[in-house]
Amino acid sequence: MAKGDKNVEMITSRDVDFAQWYTDVVKKAGLVEYSSVKGCVILLPYGYAIWEMIKTELDARFKAVGNENVYFPMFIPESLLQREKDHIEGFAPEVAWVTHGGDEELEERLCIRPTSEVLFCEYFANAIQSHRDLPKKFNQWCSVVRWEKSTRPFLRTREFMWQEGHTAHATAEEADAFTLMMLHLYADFAENYLALPVLRGRKTEKEKFAGAKETLTIESMMHDGKALQTATSHNFGSDFAKAFDITYTDKENKLQHIHQTSWGLSTRLIGGIIMAHGDDNGLVLPPKIAPIQVVIIPIASHKEGVLDKAYELENTLSRHFRVKLDVSDRTPGWKYAEYEMKGVPIRLEIGPKDIEKGQCVLVLRDNGEKIVASLDNLVEEVQMRLYTIHKAIYEKARKNRENRTNTAFSIDELREKLDTAAGFVKAMWCGERTCEDAVKEQATATSRLMPFVSENIGDTCFVCGKPSDTLVVWGRAY
RNA sequence: CUGGGUGUAGCGUAGCUUGGUAGCGCGCCAGCAUGGGGUGCUGGAGGUCGGAGGUUCAAAUCCUCUCACCCAGACCA
């Protein structure tokens with residue numbers, strides 16, 4: 001490699017220090033900038049563009065299953081937040097409070113929403129009277145605040161952007177089905193759009209959302225073997241409905257509590273994309289969400305005909321892909337490194353020699369492969385390459401997960417597996433909280449999920465030895 | 001919140017022990033050449049050393065206080 005001997009700022013290798021690598025990539029790819037507000041970052045154009053790509057696709061998918069967008073206030077009165085006991089206990093420690101408006105002290109302090117369940121509940125209590133008012137399927141795109149002690153861009157910031165869906169249903173069956181459907185919607189999005197393989201399953205009692213009857217989750221594995229919760233879908237049953245007195249009159253004229261769900265996905269997912277697909281040259285973006293899918297680099301652009309050809313290619317390709325033509329006076333080498341850092345899936349080089357031969361050079365971001373492509377069927381070629389890149393990076397991430405997934409039959413074994421190989425460890429669990437706590441204490445691991453698709457690896461709890469038929473995937477998480 | 005560390009130009013840093021008024025690399029600006037993996041040469045601009053106070057003829061350097069950030073824990077999407 002020619003690079004390295006120059007005075008070039010390089011990113012830290014993933015294998016040397018994964019955390020540092022992550023920070024380097026996030027900054028050098030131009031995704032975020034730190035601000036003077038502790039724990040909060042500035043989302044720069046390129047980082048925000050990725051979020052917009054995610055948002056646009058998800059929003060369409062939400063609407064396709066009947067959800068409608070709304071916007072609720074960012075402040076929640078303290079008394080309202082306290083209506084559901086488990087909920088407030090779960091969130092109280094990390095809530096930010098507003099105590100003054102101007103120079104006036106507020107009679108009741110307001111929290112800045114850490115999540116909006118209680119506001120939606122209050123609204124539902126008023127708006128829902130009859131079975132004819134159901135279901136209600138709301139979603140909002142907003143930011144929320146959780147006062148974390150330590151922060152990292154995308155993975156944990158005090159303010160972060162997300163979407164939160166809140167739905168109200170007449171029956172438990174309908175709410176159950178909707179919770180599951182939204183989880184599968186997220187999973188499909190992650191796998192087919194972000195090339196991020198996920199495990200689907202349920203959270204344990206200990207790990208579920210504060211106030212939920214059941215939390216469904218998709219979990220993915222990062223390059224370093226750590227787990228990242230990618231999205232969650234909660235089933236509230238009627239617990240919030242009871243606390244907020246949300247009732248409707250059914251067809252038999254009987255008063256019933258509604259059944260609710262909520263589901264969310266945040267900008268944290270961008271951190272997941274970075275850590276799952278990125279390499280030592282920077283980001284590797286899944287083609288479907290890459291703000292730039294093809295970057296065109298003219299070579300020797302002062303030479304006769306080069307720029308004309310480059311503009312012509314930009315024109316043609318723009319009809320089908322998101323394309324950027326870089327005509328700046330940076331050298332080609334600089335541009336190569338720059339767009340690799342930014343994770344652009346395909347680089348197209350066009351120079352005098354190519355034009356003579358009626359061809360161009362395509363370079364694939366995921367494996368560095370160089371392809372000499374004819375200009376005659378370029379659109380088809382690019383289309384095909386984008387598709388294969390998606391498949392390749394999905395497969396790579398899936399293999400990493402397979403290679404780092406083990407089974408364990410004792411806490412010691414689980415700890416050893418995590419210490420050496422990192423990753424996921426499957427083990428049977430009796431369902432007791434004390435056993436789960438023991439794992440956390442002795443192996444610093446948490447239960448990630450109880451997969452929908454179980455496997456028969458034993459019939460006794462790996463901690464206490466009691467009979468068990470529950471398989472749990474354990475890991476260390478971001 | 002507990003333990004450790006660091007603050008000097010946009011970024012990375014030297015200088016601090018033995019006080020004398022700041023040096024280098026990257027980046028930035030201009031020009032010329034170059035252009036298929038961070039291109040070369042020439043010429044420029046940019047800091048008063050996190051903040052406050054103190055000692056001194058004199059403080060980036062010594063003393064006191066303070067703020068911020070980073071790393072490892074605990075807490076978390």
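Within every chain, numbering begins at 1; the chains are lettered A, B, ... in the order of the sequence lines, protein sequences first and strands thereafter. Only this structure's heavy atoms are used, side chains among them; waters, hydrogens and symmetry mates stay out.
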If you check the A:A337 side chain, which of B:G36, B:G35, B:G38 turns out closest? B:G38
Can you list the residues that meet the side chain to side chain donor-acceptor pair (under 3.5 Å) rule with A:K417, with sequence neighbours excluded? A:E413
Name the stems that RNA chain B belongs to, where each is three or more consecutive Watson-Crick or G-U pairs with both distances under 3.5 Å? B:1-7 with B:67-73, B:10-13 with B:23-26, B:28-33 with B:39-44, B:50-54 with B:62-66
Picking from B:G35, B:G36, B:A74, which would you name as closest to the side chain of A:D354? B:G36
Per the under-4.0 Å heavy-atom filter, residues of residues 178-186 of chain A near RNA chain B come out as none
Return the 5'-most residue of the pair A:R448, A:K27 with respect to RNA chain B, ranking by each residue's nearest nucleotide. A:K27
Sticking with atom P, work out how far B:C49 lies from B:C62, rounded to a whole angstrom. 15 Å
Taking the C1' atom of each, how far is B:G23 from B:A60, in whole Å? 13 Å
For A:R401, all residues meeting side chain to side chain donor-acceptor pair (under 3.5 Å), sequence neighbours excluded: none
For A:P352, which contact category applies under a 4.0 Å heavy-atom criterion: base, sugar-phosphate, or nothing? base
List for me each residue that meets side-chain contact (heavy atoms from CB on, under 4.5 Å) alongside A:E159, sequence neighbours excluded, and say none if there are none. A:C40, A:S143, A:V145
Give a yes-or-no answer on whether the side chains of A:T215 and A:H234 include a donor-acceptor pair shorter than 3.5 Å. yes
Would you list the protein and nucleotides 28-31 of chain B atom pairs, both N or O, that sit under 3.5 Å from each other?
residue, atom, partner, partner atom, Å
B:C28, OP1, A:R330, NH1, 3.1
B:C28, OP1, A:R330, NH2, 2.8

With the side chain of A:T331 defined as its heavy atoms from C-beta on, choose the nearest nucleotide among B:U39, B:G35, B:G37. B:U39
Check nucleotides 41-45 of chain B for protein N or O atoms closer than 3.5 Å to its own N or O atoms and list the pairs.
none

Using a 4.0 Å heavy-atom cut-off across all strands, classify A:V144 as base, sugar-phosphate, or nothing. nothing
Describe the nucleic acid contact of A:E148 in one word from base, sugar-phosphate, nothing, applying a heavy-atom distance below 4.0 Å. base
Atom-pair distance (CD on A:E349; C1' on B:G36), nearest Å: 6 Å
Who pairs with A:T217 by side chain to side chain donor-acceptor pair (under 3.5 Å), at least two apart in sequence or on another chain? A:E219
Report all interatomic pairs (protein N or O, nucleotide N or O of nucleotides 67-70 of chain B) with separations under 3.5 Å.
none

Output every pair passing side chain to side chain donor-acceptor pair (under 3.5 Å) with a member in residues 297-311 of chain A, not counting sequence neighbours, ordered by first then second residue. A:K309-A:E312
Summary of ring pair (Phe, Tyr, Trp, His ring centres under 6.0 Å) pairs that have at least one residue in residues 275-294 of chain A, sequence neighbours excluded: none
What integer distance in Å separates A:D17:CG from B:C71:P? 9 Å
A:F244 ring center within less than 6.0 Å of A:Y123 ring center: no
For the side chain of A:D329 and the base of B:G35, is some donor closer than 3.5 Å to an acceptor across the two? no
Given B:G35, B:G38, B:C75, the nucleotide with the shortest approach to the side chain of A:K440: B:C75
Starting at NZ of A:K335 and ending at C1' of B:G36, how long is that distance when rounded to a whole Å? 12 Å
Residues in side chain to side chain donor-acceptor pair (under 3.5 Å) contact with A:T267, at least two apart in sequence or another chain: none
